[in-house]
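Note: hydrogens, waters and symmetry copies are ignored here, and every other heavy atom, side chains too, is used. We name chains A, B, ... by the order of the sequence lines, and we start the count at 1 in each one.
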There are 2 protein chains.
Amino acid sequence: MAAELIRGHLDLLVLSVVARGARHGYAIAEQLRLTSEGDFDIPEGTLYPALYRLEAGSLLTSEWTVVDGRRRRMYRLTRAGKRELARRTREWTSFADAVQRVVSKPARSQM
Amino acid sequence: MAAELIRGHLDLLVLSVVARGARHGYAIAEQLRLTSEGDFDIPEGTLYPALYRLEAGSLLTSEWTVVDGRRRRMYRLTRAGKRELARRTREWTSFADAVQRVVSKPARSQM
DNA sequence: TTATGATACCTAGAGTGTCTAGGTATGGCT
DNA sequence: AGCCATACCTAGACACTCTAGGTATCATAA
């Protein structure tokens, strides 16, 4: 999967995963790899800054936890995050529909 | 439509439109607005550089024409452009499917 | 005749999200 | 002791898009 396609859509993916329950960064990346069947392999240098942006925008909150001696920063959706996820999901649908219309429109008026 | 969603997908859209027949830049933008029902309103400062990139990559060729006293640069697909369009169309489908799986996966394991 | 809007193209510079490539640290296994 | 998986962090580079300017033609209206 060409990675540059994800640009602009990563927030939707992250919000969607966190909406299924609180997750830490590493687990979010893992979940995305699994659910996308390997298509989305987000580098840490992409994912962590994205999480900070989402938290800075009050769409996520985080807290440190320790599991088996390793620290994890757990993220969960805020109320605004839930709203934003709903908005972005609708936006994705209309975007995907529009792309589909452009791509699948039959050829005509060859020159 | 949030414009930043288009990033990384513009080449596919442009190649798709030109595949329907030779077009000049202004007409490509117009066609995208029409087919997407207004969702894709590509600024000229985005579209023209994209066309130059595609031509530089040998996916499009162009030639100047004059219609009603106005010059137009007409673009058409090269053989490599047709191949690339096919590849990007498949890529789009798997991308869209993967996003859909992430977005629509039911919630579980709330914390 | 002048102004305006649509058509049609061009470009420099700024902005922004992602990636590369480095870093730290813990725990389990060999 | 070495290695891999887990887990997080960050600076700088990169690439695509947007903003905001520019030129020019033609049709229409004032």
Side-chain angles (χ1 to χ4, degrees), chain A residues 1-15 17-18 22-34 36 39-57 59-60 62-75 84 88 91 95 99, chain B residues 1-15 17-18 22-34 36 39-57 59-60 62-75 88 95 99:
Chain A
M1 164 76 57
E4 61 272 13
L5 297 185
I6 292 177
R7 177 181 276 253
H9 302 275
L10 181 59
D11 289 2
L12 169 64
L13 298 175
V14 169
L15 292 174
V17 170
V18 178
R23 295 274 191 288
H24 62 295
Y26 199 86
I28 293 170
E30 205 171 34
Q31 186 75 66
L32 283 175
R33 269 192 301 274
L34 276 173
S36 71
D39 277 354
F40 301 147
D41 193 9
I42 315 295
E44 301 185 344
T46 299
L47 181 60
Y48 290 118
L51 289 169
Y52 306 152
R53 274 200 309 277
L54 291 170
E55 184 167 19
L59 303 181
L60 296 179
S62 73
E63 53 183 324
W64 284 105
T65 59
V66 174
V67 176
D68 291 334
R70 288 197 198 87
R71 60 180 193 156
R72 294 174 170 181
R73 204 207 278 259
M74 297 292 288
Y75 290 91
E84 182 66 8
R88 280 179 180 268
E91 191 177 63
F95 171 76
V99 171
Chain B
M1 164 76 56
E4 61 272 13
L5 297 185
I6 292 178
R7 176 181 278 252
H9 302 275
L10 182 58
D11 289 3
L12 169 64
L13 299 175
V14 169
L15 291 175
V17 170
V18 177
R23 295 273 192 289
H24 62 293
Y26 198 87
I28 293 171
E30 204 171 35
Q31 186 74 65
L32 284 174
R33 270 192 302 274
L34 277 173
S36 71
D39 277 352
F40 302 147
D41 193 6
I42 315 295
E44 300 187 344
T46 299
L47 181 60
Y48 290 119
L51 290 169
Y52 306 153
R53 274 198 309 276
L54 291 170
E55 185 168 18
L59 303 181
L60 296 179
S62 73
E63 52 184 325
W64 285 104
T65 59
V66 175
V67 176
D68 292 335
R70 287 197 198 87
R71 62 180 190 154
R72 294 175 169 178
R73 205 207 277 258
M74 298 293 288
Y75 290 90
R88 280 179 180 269
F95 171 75
V99 171

A/Glu30: side chain to side chain contact (heavy atoms under 4.5 Å, CB included) partners, not counting sequence neighbours: A/Arg33
Let me spell it out: for each of A/Leu47 and B/Pro49, pick the nucleotide of DNA chain C with the closest heavy atom. Which residue's pick is nearer the 5' end? B/Pro49
Whole-Å distance, A/Leu5 CG to D/dT17 P, equals 11 Å
Considering just the side-chain nitrogens and oxygens of B/Arg53, establish if one lies under 4.0 Å of OP1 or OP2 belonging to D/dT17. yes
In residues 39-46 of chain A, what residues come within less than 4.0 Å of DNA chain C, judged by heavy atoms? A/Pro43, A/Gly45, A/Thr46
Between D/dA24 atom P and B/Arg71 atom CZ, what is the distance in whole Å? 10 Å
d(OH, A/Tyr26; C1', D/dA7) in whole Å: 7 Å
Any donor and acceptor pair, going by atom type alone, linking the side chain of B/Glu55 with main-chain N or O of B/Ser62 inside 3.5 Å? yes
Without decimals, in angstroms, what is the distance between B/Arg70 CZ and D/dA27 C1'? 8 Å
On DNA chain C, more 5' by nearest nucleotide between A/Gly69 and A/His9 is A/His9
How would you give the extent of chain B contacts on DNA chain C, as first and last nucleotide 5' to 3' within a 4.0 Å heavy-atom cut-off? C/dA6 to C/dG15
Using a heavy-atom cut-off of 4.0 Å across all strands, would you classify A/Arg72 as base, sugar-phosphate, or nothing? sugar-phosphate
